[in-house]
Engineer: 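Just dropping this structure here.
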Amino acid sequence: MIDKLGSEFSFLQTAVALRQQRMELLSTNIANADTPNYKARDFDFKQALEKAVGANGALPNTQLTLTSDRHLPGMGTGPLQFAPQYRVPYQVSMDGNTVEMDVERMAFADNTMKQQASLQFVTARIQSLMSALSPTT
């Protein structure tokens, strides 16, 4: 039963984690808007999600080595792997910086909206499972 619940949320966990990493990348671009020769970076969310989920729908697992009989066995998912690409600017800057604030703001707002939607979906899923498990009065 617990395995089914874990697999239920693995895709959502991966999507939220990728959205968070994209948010950090876009924030770095915005923070370096005035840094000479800074190159804006981003990644294709769809490709990164497909690569992270893989063909079987799960991330590769990690086994922890136990060094004592009193340790609890643990498993974790592998780190998300994606390669940020340098963004090609629409208009070249004199100082070599490729951050375009309008593009960054739009990407940041879009990613924020989609991250909120993912989190609301997770919340709704948890609430539906909780209502299914709770006794009726």
Side-chain angles (χ1 to χ4, degrees):
M1 177 71 174
I2 297 297
D3 291 340
K4 289 182 181 180
L5 289 176
S7 64
E8 179 80 23
F9 291 105
S10 67
F11 176 79
L12 295 172
Q13 176 186 3
T14 304
V16 169
L18 277 172
R19 289 273 175 220
Q20 177 63 33
Q21 288 184 351
R22 185 164 187 238
M23 189 74 68
E24 291 173 9
L25 198 59
L26 294 171
S27 297
T28 302
N29 290 346
I30 292 170
N32 287 294
D34 295 327
T35 304
N37 294 316
Y38 180 82
K39 307 300 181 208
R41 297 182 309 153
D42 198 359
F43 65 91
D44 183 7
F45 179 81
K46 182 180 176 184
Q47 285 180 347
L49 185 61
E50 287 172 355
K51 183 178 179 182
V53 172
N56 62 356
L59 293 173
N61 291 330
T62 303
Q63 279 294 118
L64 299 177
T65 303
L66 302 179
T67 57
S68 171
D69 293 336
R70 296 185 297 174
H71 289 169
L72 297 173
M75 288 187 66
T77 56
L80 299 175
Q81 301 292 326
F82 63 91
Q85 303 293 318
Y86 291 109
R87 185 175 288 152
V88 178
Y90 292 107
Q91 187 173 2
V92 180
S93 170
M94 293 297 287
D95 64 357
N97 187 312
T98 62
V99 175
E100 296 173 314
M101 287 303 290
D102 292 337
V103 173
E104 298 300 329
R105 284 188 196 113
M106 184 186 70
F108 191 86
D110 180 62
N111 193 59
T112 301
M113 180 185 65
K114 290 178 180 175
Q115 184 178 26
Q116 276 301 111
S118 298
L119 292 173
Q120 287 176 344
F121 187 75
V122 169
T123 302
R125 196 72 180 130
I126 290 171
Q127 287 174 344
S128 71
L129 287 172
M130 293 295 287
S131 68
L133 294 173
S134 67
T136 57
T137 57

Engineer: Hey, is the main chain of Gly96 close enough, under 3.5 Å, to the side chain of Lys39 for a donor-acceptor pair?
Structural biologist: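 Flag set: sc Lys39 to bb Gly96 pair under 3.5 Å.
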
Engineer: Members other than Val103 in its cluster, when Ile, Leu, Val, Met, Phe, Trp, Tyr link by side-chain heavy atoms under 4.5 Å?
Structural biologist: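 Its cluster mates, by chain and number, are Tyr90.
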
Engineer: Is it true that, when you exclude Met130 itself, more than 12 heavy atoms of the residues, nucleotides or ligands shown sit nearer than 6.0 Å to its CE?
Structural biologist: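 No, because the 6.0 Å sphere around CE of Met130 holds 12 heavy atoms or fewer from other groups.
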
Engineer: Determine whether Gln120 and Gln116 satisfy the following criterion, side-chain hydrogen bond (donor to acceptor under 3.5 Å, both in side chains), listing intermediate values before the conclusion.
Structural biologist: CA-CA 6 Å; Gln120 287 176 344; Gln116 276 301 111; 5.9 Å; no

Engineer: Given side chains that start at C-beta, do those of Asp95 and Asn37 come closer than 4.5 Å, heavy atoms only?
Structural biologist: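 Side chain of Asp95 against side chain of Asn37, heavy atoms only: no contact under 4.5 Å found.
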
Engineer: Taking all non-hydrogen atoms of both residues, which atom of Ser118 and which atom of Val16 are closest, and how far apart?
Structural biologist: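 Nearest pair, atom of Ser118 first, then Val16: CB-CG2, 3.9 Å.
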
Engineer: Hydrophobic clusters here meaning ILVMFWY residues chained together by side-chain heavy-atom distances under 4.5 Å, can you tell me if Leu12 and Leu18 are in one?
Structural biologist: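 Linked within one cluster.
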
Engineer: Salt bridge check: are Arg87 and Glu104 linked by an N-O gap of less than 4.0 Å?
Structural biologist: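 Here Arg87 pairs with Glu104 in a salt bridge, since their nearest N and O are under 4.0 Å apart.
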
Engineer: Side chain to side chain contact (heavy atoms under 4.5 Å, CB included) between Asp110 and Lys114: does it pass, once the steps are laid out?
Structural biologist: CA-CA 6 Å; Asp110 180 62; Lys114 290 178 180 175; 3.3 Å; yes

Engineer: In the structure I gave you, are the side-chain heavy atoms of Asp42 and Tyr86 within less than 4.5 Å of one another anywhere?
Structural biologist: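 A side-chain contact is absent here, since even the closest heavy-atom pair is not under 4.5 Å.
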
Engineer: What closest approach, in Å, do Ser128 and Ser131 show between heavy atoms, and which atom pair accounts for it?
Structural biologist: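 Heavy atoms of Ser128 and Ser131 come nearest at O-OG, 2.9 Å.
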
Engineer: Identify the heavy atoms of Glu100 and Gln91 that sit nearest to each other, and give their distance.
Structural biologist: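 So the minimum-distance heavy-atom pair works out to OE2-N, 2.8 Å.
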
Engineer: Between Thr98 and Pro89, what is the shortest heavy-atom contact and its length?
Structural biologist: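 Where Thr98 meets Pro89 most closely, the heavy atoms are CG2-CG, 3.9 Å.
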
Engineer: Within the structure provided, determine whether Ile30 and Val99 are in side-chain contact (heavy-atom separation under 4.5 Å).
Structural biologist: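 No; the side chains remain at least 4.5 Å from each other.
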
Engineer: Has the side chain of Asn29 got a donor or acceptor atom that lies under 3.5 Å from a matching backbone atom of Arg41?
Structural biologist: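 Here the side-chain-to-backbone pair exists.
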
Engineer: Less than 4.5 Å apart, side chain to side chain, heavy atoms only: is that true for Gln21 and Leu25?
Structural biologist: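 Answer no - side chains too far apart.
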
Engineer: Should Leu49 and Leu26 be regarded as members of a common hydrophobic cluster, given that ILVMFWY residues are connected when their side-chain heavy atoms come within less than 4.5 Å of each other, either directly or indirectly?
Structural biologist: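 Shared cluster, no.
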
Engineer: Does Met23 share a hydrophobic cluster with Phe43, counting links as ILVMFWY side-chain heavy atoms below 4.5 Å and allowing steps through other members?
Structural biologist: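 Per the 4.5 Å side-chain linkage, Met23 and Phe43 are not co-clustered.
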
Engineer: Over all heavy atoms of both residues, which pair between Thr28 and Tyr38 is shortest? Give the atoms and the distance, please.
Structural biologist: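 Shortest heavy-atom contact: CG2-OH, 3.3 Å.
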
Engineer: Determine the minimum heavy-atom distance between Phe108 and Ser27, stating which atoms define it.
Structural biologist: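 What the structure gives for the nearest pair is CE1-OG, 3.3 Å.
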
Engineer: Check whether NZ of the Lys or CZ of the Arg Arg22 lies under 6.0 Å from the centre of the six-membered ring of Phe45 and within 45 degrees of that ring's axis.
Structural biologist: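 Geometry flag: not set, cation outside 6.0 Å or 45°.
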
Engineer: Given side chains that start at C-beta, do those of Arg105 and Asp102 come closer than 4.5 Å, heavy atoms only?
Structural biologist: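 The answer is yes, as the side chains (C-beta and beyond) meet within the 4.5 Å cut-off.
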
Engineer: Going from CD on Glu24 to CZ on Arg19, what distance comes out if it is rounded to the nearest 0.5 angstrom?
Structural biologist: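 It comes to 14.0 Å.
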
Engineer: Applying side-chain hydrogen bond (donor to acceptor under 3.5 Å, both in side chains), name anything that partners Asn97, two or more places apart in sequence or on another chain.
Structural biologist: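 side-chain hydrogen bond (donor to acceptor under 3.5 Å, both in side chains) check on Asn97 returns nothing, list empty.
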
